[in-house]
Amino acid sequence: MSRKNWIVLVLMLLVGIGIFAFSLRNTNLTRLSYDLAHLNWGWFLIAVLCICLYLGLEGVVVKIFMTDRYPSFTWKDALRLPLIEQLFNGITPFSTGGQPAQLMAMLQSGVEGGLASSVLLMKFVVFQAMIVINFLISILIGFHYIAEKLHALSLFVLFGFTIHLAVIIALLMVMYWYSFTKRLVKTALVPVRWFGGQQRYQKIWERLDTKIDTFYQESVKMKREYHKLGKVAVVTLLQLLAYYIIPYFILLALGVNGINLIMVMSLHVLIFMIISLFPIPGGTGGAEYSFSVLFLSFTHSQSKLVLAMFLWRLLTYYFGMFAGMFAMMIKPDKVEN
């Protein structure tokens with residue numbers, strides 16, 4: 001990690017501590033201590049296992065893609081990859097650092113750059129598709145709840161869904177309308193030439209043209225590997241379900257009973273969509289706010305709500321980053337060409 005990355009990491013930890021401290025301003029600390037002392041560690045351990053399963057299943061996805069390409073690509077490196085992704089997603093705006101960090105990790109293992117990019121691209125496509133499918137189900141269950149609680153959040157959810165859906169549509173257009181998509185992109189870049197000059201326009205177009213060509217070539221391979229993609233889709237769906245169910249077990253650990261499992265998972269899907277829109281690394285601020293607003297009605301105790309928010313954030317954000325720091329210290333195994 002660079003010095004800049006370390007600075008951002010420390011800064012995000014300090015901001016997280018600040019947000020938690022701010023949340024305590026109207027909270028009875030004696031009651032908070034009581035709730036923590038009476039935490040059901042069995043349920044909380046299940047929540048911990050869920051986040052471990054979420055990270056582990058992403059490693060399974062990597063291994064599925066790599067098995068026939070590099071049989072010597074080890075499970076250690078496959079499981080190391082999602083941890084590094086979590087670290088760099090957590091310290092970059094809009095989680096933009098995860099993909100390049102994974103690519104570097106695969107290159108360290110001796111994987112050829114083009115093939116590494118191909119695997120990460122296919123993994124990204126399947127992940128985005130599963131997010132959209134989960135969201136469509138969840139919006140039918142939980143969107144009315146968000147609209148009633150806070151109208152502004154419902155707009156964030158719809159905007160987030162629009163972005164994810166647009167990504168899927170753009171990728172599908174490249175896959176099935178390759179020539180048309182290139183013409184469309186070139187036309188869309190015309191204003192860049194007007195306001196940014198020919199040199200800037202050419203530079204952006206050449207970069208996008210290369211990316212479109214690369215994805216199209218990989219999409220041809222993807223179409224031939226539909227059995228593998230189906231297997232990866234199932235694993236990714238299970239991975240996301242393990243993530244979405246975490247708040248349910250946290251609430252049970254705090255003694256909040258009689259809660260609707262499907263509603264809790266649906267609200268977590270919608271929170272995931274909201275977080276993706278916040279430019280601050282990890283969606284910090286927006287994540288805590290949306291959780292406290294949406295899960296307020298599940299418990300009338302302010303201390304339990306704040307504790308639930310802290311435990312949820314600890315598992316879904318900080319756990320992955322610290323695990324990623326540990327993964328960075330592990331020396332990768334070299335694949336056999």
Side-chain angles (χ1 to χ4, degrees), residues 2 4-5 8 85 88-89 91-104 106-107 112-136 139 151-226 229 270 272-283 286:
S2 66
K4 180 182 177 181
N5 289 333
V8 174
E85 176 190 18
F88 285 91
N89 275 347
I91 60 175
T92 52
F94 299 112
S95 301
T96 53
Q99 288 286 96
Q102 288 180 91
L103 179 60
M104 289 301 298
M106 295 183 80
L107 293 176
E112 190 270 324
L115 194 145
S117 299
S118 169
V119 168
L120 294 176
L121 188 59
M122 288 190 284
K123 187 162 74 74
F124 173 77
V125 171
V126 175
F127 191 80
Q128 287 294 316
M130 292 302 104
I131 285 177
V132 170
I133 291 172
N134 276 281
F135 177 82
L136 290 174
I139 200 170
H151 181 65
L153 279 185
S154 63
L155 296 178
F156 270 110
V157 168
L158 289 176
F159 187 51
F161 171 69
T162 302
I163 292 175
H164 285 279
L165 184 61
V167 170
I168 292 296
I169 291 174
L171 295 174
L172 289 174
M173 287 180 67
V174 175
M175 290 175 69
Y176 295 101
W177 296 286
Y178 170 68
S179 300
F180 170 75
T181 305
K182 292 191 75 169
R183 290 197 300 270
L184 187 65
V185 171
K186 198 166 188 177
T187 302
L189 287 176
V190 169
V192 176
R193 184 165 53 192
W194 293 343
F195 301 105
Q198 179 65 30
Q199 186 176 357
R200 181 175 176 79
Y201 163 81
Q202 195 64 33
K203 184 178 179 180
I204 295 175
W205 165 244
E206 288 175 359
R207 186 167 67 247
L208 288 176
D209 187 47
T210 301
K211 288 184 179 295
I212 291 172
D213 288 342
T214 301
F215 179 71
Y216 177 72
Q217 291 164 11
E218 297 306 325
S219 70
V220 173
K221 298 177 186 177
M222 288 169 63
K223 293 174 188 176
R224 293 198 299 263
E225 297 181 332
Y226 58 91
L229 286 176
L270 301 180
F272 183 85
M273 199 66 67
I274 293 169
I275 292 173
S276 66
L277 289 177
F278 280 77
I280 302 173

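Worth saying up front: this structure is predicted, and the values here are computed from it rather than measured.
One finds the CG atom of L121 at 11.0 Å from the CD atom of Q217 (value rounded to the nearest 0.5 Å). From I275, atom CD1 reaches atom OG of S95 across 9.0 Å, with rounding to the nearest 0.5 Å. Interatomic distance, K4 NZ to T92 OG1, rounded to the nearest 0.5 Å: 10.0 Å. Atoms CG and CE, on N134 and M273 in that order, are 8.5 Å from each other to the nearest 0.5 Å.
Applying the side chain to side chain contact (heavy atoms under 4.5 Å, CB included) criterion to L103, with sequence neighbours excluded, gives L107, A116, S117, L120. With sequence neighbours excluded, the residues that form a side chain to side chain contact (heavy atoms under 4.5 Å, CB included) with N5 are M1, S2, F88, I91. Annotation: side chain to side chain contact (heavy atoms under 4.5 Å, CB included) contacts of E112 (sequence neighbours excluded): Y70, L115. Residues passing the ring-ring contact (aromatic ring centres under 6.0 Å, His included) test with Y201: none are found, sequence neighbours excluded. Listed by chain and number, the residues in a ring-ring contact (aromatic ring centres under 6.0 Å, His included) with F124 amount to none (sequence neighbours excluded). Judged as a side chain to side chain contact (heavy atoms under 4.5 Å, CB included), and not counting sequence neighbours, the contacts of W205 are K182, V185, K186, L189, Q202, D209. Take F272 and apply the ring-ring contact (aromatic ring centres under 6.0 Å, His included) test, not counting sequence neighbours, and it matches Y243.
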Considering only distance and modelled atom types, tabulate donor-acceptor pairs under 3.5 Å from the side chains of residues 167-177, sequence neighbours left out.
none

Quiz: residues 125-133 side-chain donor-acceptor pairs under 3.5 angstrom, not counting sequence neighbours:
residue	atom	partner	partner atom	Å
Q128	OE1	H164	ND1	2.8

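Residues F135 and L270 have side chains in contact (heavy-atom distance under 4.5 Å, counting atoms from C-beta outward).
Residues P93 and P281 approach most closely at N-CG, 4.0 Å, considering heavy atoms.
Residue pairs meeting the salt bridge (charged side-chain N to carboxylate O under 4.0 Å, His left out) criterion with at least one partner in residues 155-169, sequence neighbours excluded, are absent. The salt bridge (charged side-chain N to carboxylate O under 4.0 Å, His left out) pairs that include a residue from residues 115-136 are E58-K123, E85-K123, where partners are two or more places apart or lie in different chains. Listed by first and then second residue, the salt bridge (charged side-chain N to carboxylate O under 4.0 Å, His left out) pairs involving residues 171-181 amount to none (not counting sequence neighbours).
Other residues, nucleotides and ligands contribute more than 12 heavy atoms inside 6.0 Å of the CD atom of Q198.
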